[in-house]
S.K.: 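I am attaching a structure below and will ask some questions about it afterwards.
Index from 1, following the sequence.
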Amino acid sequence: LGAGIGPRIVLALSGGGDSMALMSLLGTWTKSGARARAGLSLHALIVDHGLRRGSASEAKCVAKWARAAGWNAHILKWSGTKPKSNIEDAARRARYALMGQWCRAHEAGFLLTGHTRDDVAETFLLRLGRGSGVDGLSAMRRLAPFPLEGFAAPVIFRPLLDFGRIELRHYLEKEGLAWREDPMNQDPRFSRTRVRALLPALEAAGVSQQRIVDAARHLAR
């Protein structure tokens, strides 16, 4: 992580396997050098999109897990009328707006996310389908500007890009830690879900996830 991350570690916590694994790993990291890191405070931002019945109770459950792990848990609610179309993008923008506003109000310079190697491959394919150029196809960077206009900070920090979802879930199982799978990740209405379903067929055809990730990194260079 490095020393420049600041006094607050702020994590985007969905309760899924990726962000739960990152929360656990960060907790271990903060304890490994107590003297050097004694001034750190840990904050988990949990967004309740309000798109499904039961989302509020799920957010409370994730907050309970975070507090049990020694984190300050903050539930951010997306209020108001929800869109009827392009829900995926609207939810993403609302999520980042809520987290960006929290970070700005609390002077947090970095927002850590649990994006993985799988996300890099999926994002590459999504942008390929949209006709993106080299900049778009270079996909996800470890350090990246905040994805919404009007926010000079926080910087997005993705420590887990070298790890896959399966590896992280094996880690959670080994540690005896719980997580929840968002049913919206299985909803075929969303483009990322459809792309994710194609990856096994691409793998069988010789276009492996790692090859896609390598292509994205070559383009980034």
S.K.: Would you mind listing every side-chain hydrogen bond (donor to acceptor under 3.5 Å, both in side chains) that reaches into residues 123-133, with sequence neighbours excluded?
M.R.: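 Residue pairs with at least one partner in residues 123-133: Thr123-Arg192.
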S.K.: Are Arg165 and Asp119 within salt-bridge range, i.e. N to O under 4.0 Å?
M.R.: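 Judged by the 4.0 Å cut-off on N to carboxylate O distance, Arg165 and Asp119 do form a salt bridge.
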S.K.: State which residues pass ring-ring contact (aromatic ring centres under 6.0 Å, His included) with His106; sequence neighbours excluded, sorted by chain then number.
M.R.: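 His106 satisfies ring-ring contact (aromatic ring centres under 6.0 Å, His included) with Trp102 once adjacent residues are dropped.
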S.K.: Kindly give the heavy-atom pair with the smallest separation between Cys103 and Leu45, and that separation in Å.
M.R.: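 So the two residues come closest at SG-CD1, 4.3 Å.
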S.K.: Who clusters with Val213? Use side-chain heavy atoms, under 4.5 angstrom, across I, L, V, M, F, W and Y, and order the result by chain and number.
M.R.: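 For the cluster that includes Val213, the remaining residues are Val120, Met140, Leu161.
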S.K.: List for me each residue that meets ring-ring contact (aromatic ring centres under 6.0 Å, His included) alongside His49, sequence neighbours excluded, and say none if there are none.
M.R.: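 Not a single residue meets the ring-ring contact (aromatic ring centres under 6.0 Å, His included) criterion with His49.
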S.K.: Can you name the nearest heavy-atom pair linking Ala12 to Leu111, along with the distance?
M.R.: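 Heavy atoms of Ala12 and Leu111 come nearest at N-CD1, 3.9 Å.
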S.K.: Is there a continuous path of hydrophobic side-chain contacts, each under 4.5 Å between heavy atoms, that joins Val155 to Leu13?
M.R.: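 Linked, Val155 and Leu13 end up in one cluster.
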S.K.: Could I get the full list of side chain to side chain contact (heavy atoms under 4.5 Å, CB included) partners for Leu198, not counting sequence neighbours?
M.R.: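 Side chain to side chain contact (heavy atoms under 4.5 Å, CB included) check on Leu198 returns nothing, list empty.
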S.K.: Can you confirm whether Arg194 is buried at CZ, in the sense that more than 12 heavy atoms of other residues, nucleotides or ligands lie under 6.0 Å from that atom?
M.R.: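 Counting neighbours around CZ of Arg194, more than 12 heavy atoms of other residues, nucleotides or ligands fall under 6.0 Å, so yes.
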S.K.: Would you call Glu181-Arg169 a salt bridge at under 4.0 Å N-O?
M.R.: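 Answer for the salt bridge query: yes.
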S.K.: Output all residues satisfying salt bridge (Lys or Arg N to Asp or Glu O under 4.0 Å) with Arg158, sequence neighbours left out; order by chain, then residue number.
M.R.: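 In terms of salt bridge (Lys or Arg N to Asp or Glu O under 4.0 Å), with neighbours along the sequence ignored, Arg158 is linked to no residue.
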S.K.: Mind checking ring-ring contact (aromatic ring centres under 6.0 Å, His included) for Phe146 and listing every partner two or more places apart, or none if nothing turns up?
M.R.: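 Once residues adjacent in sequence are excluded, the partners of Phe146 under the ring-ring contact (aromatic ring centres under 6.0 Å, His included) criterion are Tyr96, Phe151.
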S.K.: When you compare the side chains of Ser191 and Glu88, does any donor N or O come within less than 3.5 Å of an acceptor on the partner?
M.R.: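 The criterion, which ignores hydrogens and geometry beyond distance, is satisfied for Glu88 and Ser191.
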S.K.: Leu168 versus Trp179: any side-chain heavy-atom pair under 4.5 Å?
M.R.: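 Result no, sub-4.5 Å side-chain heavy-atom pair not found.
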S.K.: Please test Lys64 against Arg67 for side-chain contact (heavy atoms from CB on, under 4.5 Å), starting from the C-alpha separation and ending with a verdict.
M.R.: CA-CA 5 Å; Lys64 182 179 178 180; Arg67 292 180 184 121; 5.7 Å; no
S.K.: Ser138: what forms a side chain to side chain contact (heavy atoms under 4.5 Å, CB included) with it, not counting sequence neighbours?
M.R.: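 If we apply the side chain to side chain contact (heavy atoms under 4.5 Å, CB included) test to Ser138, skipping adjacent residues, the hits are Arg141, Leu219, Ala220.
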S.K.: Can you tell me if Thr28 uses its side chain to pair, donor with acceptor, with the backbone of Ser24 under 3.5 Å?
M.R.: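 Such a contact is found between Thr28 side chain and Ser24 backbone.
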S.K.: To check you understand the geometry: which heavy-atom pair defines the closest contact between Arg92 and Pro147, and what is its length?
M.R.: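 So the minimum-distance heavy-atom pair works out to NH2-CB, 3.5 Å.
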S.K.: Decide yes or no on side-chain contact (heavy atoms from CB on, under 4.5 Å) for Leu137 and Phe124, but give the supporting numbers first.
M.R.: CA-CA 5 Å; Leu137 293 176; Phe124 179 92; 3.9 Å; yes
S.K.: Rounded to the nearest 0.5 Å, how far apart are CG of Leu98 and CG of Leu148?
M.R.: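 So the CG of Leu98 and the CG of Leu148 are separated by 10.0 Å.
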S.K.: Kindly work out whether a path of hydrophobic side-chain contacts (I/L/V/M/F/W/Y, heavy atoms less than 4.5 Å apart) joins Leu25 to Leu112.
M.R.: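 Result: yes, single cluster for both.
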S.K.: Is the number of heavy atoms from other residues, nucleotides or ligands within 6.0 Å of CZ (Arg93) greater than 12?
M.R.: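 No.
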S.K.: State the CG-OG distance between Asp214 and Ser208, to the nearest 0.5 angstrom.
M.R.: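 Rounded to the nearest 0.5 Å, the CG-OG separation comes to 7.5 Å.
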S.K.: I need the full list of side-chain hydrogen bond (donor to acceptor under 3.5 Å, both in side chains) pairs touching residues 147-157, with sequence neighbours left out, sorted by first then second residue.
M.R.: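 Every pair satisfying side-chain hydrogen bond (donor to acceptor under 3.5 Å, both in side chains) with a residue in residues 147-157: there are none.
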S.K.: Might you point out which heavy atoms bring Asp48 and Ala59 nearest each other, and give the distance in Å?
M.R.: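 Closest approach of Asp48 to Ala59, heavy atoms only: CB-CB, 4.1 Å.
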S.K.: Can you pull the side-chain hydrogen bond (donor to acceptor under 3.5 Å, both in side chains) pairs that have at least one residue in residues 70-86, sequence neighbours excluded?
M.R.: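 As it turns out, the side-chain hydrogen bond (donor to acceptor under 3.5 Å, both in side chains) pairs with a partner in residues 70-86, which skip direct neighbours, are His43-His74.
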S.K.: Could you tell me which non-hydrogen atom of Leu143 sits nearest to which non-hydrogen atom of Phe110, and how far apart they are?
M.R.: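 That closest heavy-atom pairing would be CD2-CE2, 4.1 Å.
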S.K.: Under the criterion side-chain contact (heavy atoms from CB on, under 4.5 Å), I'd like the reasoning laid out for Leu125 against Leu202: C-alpha separation, chi angles, the key distance, then a yes or no.
M.R.: CA-CA 11 Å; Leu125 293 173; Leu202 289 173; 3.8 Å; yes
S.K.: Can you name the residues that form a side chain to side chain contact (heavy atoms under 4.5 Å, CB included) with Ala178, not counting sequence neighbours?
M.R.: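 Side chain to side chain contact (heavy atoms under 4.5 Å, CB included) list for Ala178, sorted by chain: Trp65.
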S.K.: Evaluate whether atom CD of Glu173 has more than 12 neighbouring non-hydrogen atoms of other residues, nucleotides or ligands under 6.0 angstrom away.
M.R.: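 Yes, because the 6.0 Å sphere around CD of Glu173 holds more than 12 heavy atoms from other groups.
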S.K.: Verify the cluster assignment for Leu76 and Leu51: are they in a single hydrophobic cluster under the rule of side-chain heavy atoms below 4.5 Å apart?
M.R.: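 They do share one cluster, since a chain of ILVMFWY contacts under 4.5 Å joins Leu76 to Leu51.
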S.K.: Could you pull out the closest heavy-atom pair between Gly100 and Pro154, with the gap in Å?
M.R.: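 For Gly100 and Pro154, the tightest heavy-atom pair comes out as CA-CD, 4.3 Å.
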S.K.: Would a hydrophobic clustering, with Ile, Leu, Val, Met, Phe, Trp and Tyr connected at side-chain separations under 4.5 Å, put Ile166 with Val195?
M.R.: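 Hydrophobic grouping puts Ile166 apart from Val195.
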S.K.: About how many Å separate CD of Glu167 and CG of Leu172, when rounded to the nearest 0.5 Å?
M.R.: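 Here the interatomic distance stands at 12.0 Å.
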S.K.: Tell me, do Leu199 and Ile212 make a side-chain contact under 4.5 Å, heavy atoms counted?
M.R.: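 Contact flag for Leu199/Ile212 side chains = yes.
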S.K.: Indicate yes or no: at least one non-hydrogen side-chain atom of Arg142 is less than 4.5 angstrom from one of Asp162.
M.R.: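 When only atoms from C-beta onward are counted, Asp162 and Arg142 do touch, with a gap below 4.5 Å.
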S.K.: Can you find a heavy atom in the side chain of Leu26 that is under 4.5 Å from one in the side chain of Leu42?
M.R.: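 Heavy-atom side-chain distance check fails, nothing below 4.5 Å.
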S.K.: What's the spacing between Ile9 CD1 and Met23 CE if we round to 0.5 Å?
M.R.: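 If we round to the nearest 0.5 Å, Ile9:CD1 and Met23:CE are 12.5 Å apart.
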S.K.: Taking only residues two or more places apart in sequence or in another chain, which ones pass side chain to side chain contact (heavy atoms under 4.5 Å, CB included) with Glu58?
M.R.: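 Result, side chain to side chain contact (heavy atoms under 4.5 Å, CB included) vs Glu58: Arg52, Arg180.
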S.K.: Whether Asp18 and Arg117 form a salt bridge (side-chain N of Lys/Arg under 4.0 Å from carboxylate O of Asp/Glu) is what I want to check.
M.R.: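 Between Asp18 and Arg117 there is no salt bridge, as every charged N stays at least 4.0 Å from the carboxylate O atoms.
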